[in-house]
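For reference, the structure discussed in these notes is given below.
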Amino acid sequence: DGGITQSPKYLFRKEGQNVTLSCEQNLNHDAMYWYRQDPGQGLRLIYYSQIVNDFQKGDIAEGYSVSREKKESFPLTVTSAQKNPTAFYLCASSISGGLGTEAFFGQGTRLTVV
Amino acid sequence: GIQVEQSPPDLILQEGANSTLRCNFSDSVNNLQWFHQNPWGQLINLFYIPSGTKQNGRLSATTVATERYSLLYISSSQTTDSGVYFCAVEPEAGNNRKLIWGLGTSLAVNP
């Protein structure tokens with residue numbers, strides 16, 4: 001099946017630890033995105049990548065890091081510098097970073113700091 | 001930057017009722033999408049509709065780009081329609097390809 005796979009579905013982190021969220025797609029999409037969603041809120045863009053080996057900060061990049069070494073993969077690391085990391089994280093992809101391309105989403109990872 | 005406003009913020013329906021959700025945006029867009037977020041958090045694409053009208057089963061959407069709004073129609077609602085409906089747009093201005101999101105309409109369909 002073609003799609004976007006995020007793992008794990010649920011993740012618990014101790015304060016001060018870094019954690020990495022996985023996002024893989026087999027849609028042959030060039031562009032990939034990470035969003036954060038807090039309860040009762042819309043989505044906010046963390047990072048996006050329009051092509052392999054290149055990525056740009058979104059609106060709330062502080063405390064996060066990404067890499068794009070392969071077209072299929074766009075992992076997000078939540079570092080200890082992120083003050084309030086508990087949230088729902090969504091990964092998306094689109095066929096290109098060009099004008100007017102449709103975005104598709106994974107099932108999300110719910111991160112809780114304990 | 002562009003503003004995206006959705007209304008109503010909350011909606012409660014009895015099963016079988018019809019409803020209209022609205023998305024207003026403050027500037028020209030290249031792209032507009034409607035999504036349904038189910039109770040488990042999954043975002044499901046409903047429509048990619050920068051202009052015109054599309055229908056998919058009980059759902060249809062219309063975007064009037066010149067007047068900067070889009071409408072999502074749900075007919076004969078079912079309990080499985082419950083969740084949050086988001087509108088997201090890609091602004092025409094600027095060099096980025098980011099989607100700008102509304103805050104959503106939270107829909108509850110009661111049996």
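All chains are named by letter (A, B, ...) in the order of the sequence lines, taking the proteins before the strands, and each is independently numbered beginning at 1.
- Using a 4.5 Å cut-off between heavy atoms, A:Gln37 contacts chain B through its side chain alone, with no backbone atom that close.
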When the side chains of residues 107-114 of chain A are checked against the rest of the protein, which donor-acceptor pairs come out under 3.5 Å, sequence neighbours left out?
from     : atom 1 : to      : atom 2 : distance (Å)
A:Gln107 : NE2    : B:Gln42 : OE1    : 3.4
A:Thr109 : OG1    : A:Pro8  : O      : 2.6

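- Remark: A:His29 engages A:Ser93 in a side-chain hydrogen bond (donor to acceptor under 3.5 Å, both in side chains) (not counting sequence neighbours).
- With a 4.5 Å cut-off on non-hydrogen atoms, B:Gln37 touches chain A through its side chain but not through its backbone.
- Looking at A:Phe104, the atoms closer than 4.5 Å to chain B (heavy atoms on both sides) sit in the backbone and in the side chain alike.
- With hydrogens and angles disregarded, a donor-acceptor distance shorter than 3.5 Å links the side chain of B:Gln55 to the backbone of B:Gly57.
- In this structure, chain B has heavy atoms under 4.5 Å from both the backbone and the side chain of A:Leu43.
- A donor-acceptor pair under 3.5 Å is absent between the side-chain atoms of B:Glu67 and the main chain of B:Ala65, judged by distance alone.
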